[in-house]
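Below is one structure, written out as structure tokens; comments come after it.
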Amino acid sequence: MTTATTTHEVTYVDAISQALDEEMTRDERVFLMGEDIGTYGGAFKVTEGLLQKYGEWRVLDTPLSESGFVGAAIGAAMMGLRPVVEMQFADFISCAFDQITEVAAKNHYRWGAAVPLVIRAPFGGGVHGGPFHSECPEGWFFHSPGLKIVAPSTPYDAKGLLKAAIRDPNPVLYFEHKFLYRRIKAVLPQEDFVVPLGKADVKRRGRDLSVITYGAMVHLALEAAELLNKEGIDLEVVDLRTLIPLDKETLYESVRKTSKVILLHEDNKTGGIGAEIAALLAEECFDCLDGPILRIAPPDTPVPFSTPLEEFFLPKVSDIVSGARRLAAY
Amino acid sequence: MTTATTTHEVTYVDAISQALDEEMTRDERVFLMGEDIGTYGGAFKVTEGLLQKYGEWRVLDTPLSESGFVGAAIGAAMMGLRPVVEMQFADFISCAFDQITEVAAKNHYRWGAAVPLVIRAPFGGGVHGGPFHSECPEGWFFHSPGLKIVAPSTPYDAKGLLKAAIRDPNPVLYFEHKFLYRRIKAVLPQEDFVVPLGKADVKRRGRDLSVITYGAMVHLALEAAELLNKEGIDLEVVDLRTLIPLDKETLYESVRKTSKVILLHEDNKTGGIGAEIAALLAEECFDCLDGPILRIAPPDTPVPFSTPLEEFFLPKVSDIVSGARRLAAY
Amino acid sequence: MDQATVSNDIPRSDLLNMYWYLRLTRSLEDRITALYRQGRIVGGVYTSHGMEAIAVGYASALQPDDVIAPFHRDMGAFLIRGFTPGEILAQYLGKRTGPTKGKDGNVHMGDLKRGMIGFVSHLADNLPVAAGAALAFKIRREARVAFAGTGDGGTSRGDFHEAMNFAAVRRLPVVYFCTNNQYAYSTPVRCQMAITDVVERAKAYGMPGDIVDGNDVAAVYQASRRAIANARAGNGPTFLEFKTMRMHGHSEHDAAKYVPHELLEEWKAKDPILRAERLLMTLGYADESYFHDVGERVRKEVDAGTEFAEQSPLPEGPETLTGVFASVDEVSA
Amino acid sequence: MDQATVSNDIPRSDLLNMYWYLRLTRSLEDRITALYRQGRIVGGVYTSHGMEAIAVGYASALQPDDVIAPFHRDMGAFLIRGFTPGEILAQYLGKRTGPTKGKDGNVHMGDLKRGMIGFVSHLADNLPVAAGAALAFKIRREARVAFAGTGDGGTSRGDFHEAMNFAAVRRLPVVYFCTNNQYAYSTPVRCQMAITDVVERAKAYGMPGDIVDGNDVAAVYQASRRAIANARAGNGPTFLEFKTMRMHGHSEHDAAKYVPHELLEEWKAKDPILRAERLLMTLGYADESYFHDVGERVRKEVDAGTEFAEQSPLPEGPETLTGVFASVDEVSA
Ligand SMILES: Cc1ncc(C[n+]2csc(CCOP(=O)(O)OP(=O)(O)O)c2C)c(N)n1
Ligand SMILES: Cc1ncc(C[n+]2csc(CCOP(=O)(O)OP(=O)(O)O)c2C)c(N)n1
Ligand SMILES: [Mg+2]
Ligand SMILES: [Mg+2]
């Protein structure tokens, strides 16, 4: 456990690598599968050096077949191993959709077989990836009972949630944001830690308005909060961290305090997690709402490639600022 | 066009067969693909007799490969044909998920290629099908920009919407409810008609409360309305018919009138279309809401097989009645 | 399969054991069909009538700690793995005492403790899963084997391809089989693929393949044993094509009018139980009275199972909500 | 490929034409690479450097109303189908004048009017799509052919299997190819499949297959022409394996340290442009000054294209919202 933690700052992507490395050392059942994760260290170099350290039977380069290797991971998980699978880009998870939703998600419910499997999926835009290298596929999966879903926004959460995911007895989709990989740094604790699944985190306390979000958008919300602070609008920023199971209590508590809500995500608006949270609030916190529930999310289009289009597509700090002003004045 | 329409009552399933037959006669570009739809006439006999009438190149039995034949349908559609694909059960659409969401849905946005494709998917529970023959997969797809989604509740809508779907230049998922196939009958017009995509239908006018629903649940809502009528609660039942594009105007109009809403569906609760509608209402009709937005939907589990479990799982008339009473008293 | 060879090769007790399971399978599935016709079983019912030799043969060739991802007509494998007729009937009747506690029906059952991976409707989905089980054995250097199959139709799915390819590249200890019963629902093999023998598919993966008479339980047993031994010895996967014929509709509601009558007649003569009986008699291992006696005993087992299943309680509605997620204590931490 | 045969078989003008496109492809992709290194092109850049003969060869063998679903290193096919260097560079620069109007980047472009099906990142996804295009031709009894391919890696995906199988069962007028450039990103073919020649995969579908020297434009042209003629004559699909080598990283950011240096050296000598020049000289069709002249002319075309692309406007933000759905008047009613 001494290998990876340090006192200097580590990036979000390094936090993920550390979690993998430490879990592989801690538990020999943990192994990795994916395309080009061995010799090459993965398209984003997350698994660099792990083949050398753990050998080719714990860091497996697979043929180009997402459905096949997710299925294989399911089988290995049922036999007692702890596979962590890498999608080269989250976008390709569509190829493994059937294995994830029909096999991994339903096995325990149907016949009692636990599937302790983690699927890591580098997701999100802002990297000029175009429609097939920028997707946020989480919206497809929170509608599939039997899956857990996490999406960290900081190196601390990235490391702690990945460890928790690996130790969880269920299939967990771990969405890591490509835009954050080398942009966000933090000093991490020396000792082993986990961030429990199912716990949201209030990243900034505030009185006037709750922004509920996750992933890269957390940082936009925090930026907006600083700007709005100068105008006397005090944002609370709630980072979901885990999408399923949803930490309803933390959400409700925040909304009960502020009475006003912005739901912010990078996934397409229609049918995104914001829809679900709005519905929960409109049912369970109706009386404490002092204004409409605002959603800030991209339009219902694929992620366009060209810079001005992608900028238009992605939520911006200014969207949050103007939304918050509107709500504050309500 | 004289072949299929009649003055006697036709079932929901016959209405679908008629639509296929009439469209194949009207437009020689229309052709069918799927497993066992030829000689056998399909698992639910929807295409019975069509092979004999139109030949093996317009009614194609395919190998067991949903991704392959959906992909092939996309290619044929781009070349100017009008394929109508049958999933043997909607549950197997997960195997074609990638082709639907990544190829069919995005081609026009990305490079301008229209994909006039219809995928028919017999869906829903109440038929003792268990987890893999009862699914409501529509929730996965309304989050995928580029797809249209319909789900008729009556023979009239079934026929009219299928015709509209076939004539639409976009990929349309057509969810036909297995439970309704032979249970619902109606006399249909003699002449050709379509039900335009994107138009909800108020199946019952009422003053006190809007139940917004679709598919088999429409009939539950109508039953509940009769019961509640005796108590002086006057339900309005809005049948979405089309899930994408959503007919927001009709929904908003209904809610502006009644100020109280129940969202009812058979798809799992979390992330179902009810979530999206609740979010729209909580944002755009907030001021006209006089009570929390109730969702009535199955719990977040697969569809269980055993009768008492499936009965527990599926929404019941009594759920609507008690929900409506609660809201009425609010 | 030359019967003289057989006699030298398969122990008497194994042959008699397989005969028992052939009869038990037939008897149990006949009961299931009868209950279905009486409306007491609801939902889909797919049986292995006339194809019992396949599951009985291969499951008999495996060791107890090997793992099976069965095809949807492999009742014999469940029985050999210790699923009782009572449990199985409870499953079909949706009772709480069935292996899935009513959550799923018919052949959609499994139990990891008994090495049976639950069947998934989506055909071929469990083939990559079986590769993964074999991968676990290989990673842990266990001398265990996975055995998994699908139908002729199932081999057209992409997951078949991805599983076979992965297993071959990593030389995993898995045996794949195809039950070629000449139809996939109403679709004959010639409309499913442009090859006559499904085993041709193995070539694409550099995997050895074998055609086996699927109605001869001894042949199935021996071919399986060879392939299993190869896998266990570290020589990688094999693909077995079991030739047989679906002797009835796809499921109970299908009259199968699309199947030529002569084809069924031809295959009726090859019934695996008759074949096994002839073999046992030739070898002098059993006679008519033995067969009759087995018939009586399996019927009693099935009767007792029916009694058990019918008296078992149905689950209660709220049990719907249990089991979506596994809890930590279910798996070793 | 025996050069004497070639000379009898391929018209001079065709050979010279192919040479032109080899050079244009090389020149255009070199420009793209340069612009990428200057940071003026963002996103992924995958080129066909050293493999230009494949797309140039097969696209030259097709008729204009045949349809291509290109592999992701088939720049030559776009050029032959009339995509100008200007349009293509505009695409890479995200300009409104590119074929996707900035909606997508790099090789993810297409245009039905010019018979080019837009590439989908998800490898092999377009193989069933191409089968469907061929199906449309067959249904309408048009003498048209679809031509579609993927990489060695792409053949491991389920959609490859489902497409090949469907095309073979229905004897569709489609030609499938695999550009076997020995690596899929960092993964060598031996870790991708347990066979040496990808063409072995064709056997699983009862489909004829051929191994072709992918660095010899004449060989590619001739093998493609044969397969296309077969498809057009109603004899069904063929699978062509074009053997070649990826001469650089997977994309511009990849230094490809995992590729043995000697392998690259070996293949450098087989450069398709050098090969074509040798052939043209042997046949007496062209000489050094001709080659030099072509070099000048393609550079001018690429310069002009660069100018066009750079001066083209970017799309404006709100254009993001257009084009999700097709309108009725876009397709014939
Ligand atoms: C992916 C998928 N598509 C469709 C079905 C519906 N279906 C169930 S069994 C069957 C035919 C299976 O044929 P085969 O694999 O030959 O097995 P058999 O029933 O003949 O034993 C079909 C199409 C399914 N189960 N899975
Ligand atoms: C389904 C899918 N998974 C992963 C990727 C990421 N990816 C892009 S190219 C590539 C390697 C492709 O190898 P090959 O098919 O041999 O083509 P090459 O790049 O070698 O020409 C990978 C893994 C993808 N595009 N699609
Ligand atoms: Mg079969
Ligand atoms: Mg390659």
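All figures in this text were calculated on a predicted structure; none of them were measured in a lab.
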Quiz prompt | Residue pair D/Ala130 / D/Ala148: nearest heavy atoms and the distance that separates them | solution = CB-CB, 3.3 Å
Exercise. Scan for salt bridge (Lys or Arg N to Asp or Glu O under 4.0 Å) pairs involving residues 176-187 of chain D, sequence neighbours excluded, and state none if there are none.
Key: none
Quiz item: Which bit of C/Phe160 is near chain D, if near means a heavy-atom gap under 4.5 Å: side chain, backbone, both or neither?
Solution: side chain
Practice problem: Quick one: closest heavy-atom pair of D/Pro237 and D/Pro208, and the distance? | Solution: O-CD, 3.5 Å
Self-check item: Contacts of type side chain to side chain contact (heavy atoms under 4.5 Å, CB included), residue C/Ala326, not counting sequence neighbours
Solution: A/His108, A/Ala114, A/Pro169, A/Asn170, C/Glu330
Quiz item: Which atoms form the tightest heavy-atom contact between C/Ala77 and C/Ala59, and what is the distance?
Solution: CA-CB, 3.9 Å
Between chain D and chain C, which donor-acceptor atom pairs come closer than 3.5 Å, counting both backbone and side-chain atoms?
unit_1   : atom_1 : unit_2   : atom_2 : d
C/Thr155 : O      : D/His161 : NE2    : 2.7
C/Ser156 : OG     : D/Asn165 : ND2    : 3.2
C/Gly158 : N      : D/Glu162 : OE2    : 2.6
C/His161 : NE2    : D/Thr155 : O      : 2.7
C/Glu162 : OE2    : D/Gly158 : N      : 2.6
C/Asn165 : OD1    : D/Arg201 : NH1    : 3.4
C/Asn165 : OD1    : D/Arg201 : NH2    : 3.4
C/Asn165 : ND2    : D/Ser156 : OG     : 3.2
C/Asn165 : ND2    : D/Gln192 : O      : 2.9
C/Gln192 : O      : D/Asn165 : ND2    : 2.9
C/Arg201 : NH1    : D/Asn165 : OD1    : 3.4
C/Arg201 : NH1    : D/Ala204 : O      : 3.1
C/Arg201 : NH2    : D/Asn165 : OD1    : 3.4
C/Ala204 : O      : D/Arg201 : NH1    : 3.1

Quiz item: Which residue pairs pass the salt bridge (Lys or Arg N to Asp or Glu O under 4.0 Å) test when at least one of the two sits in residues 175-189 of chain C, sequence neighbours left out?
Solution: none
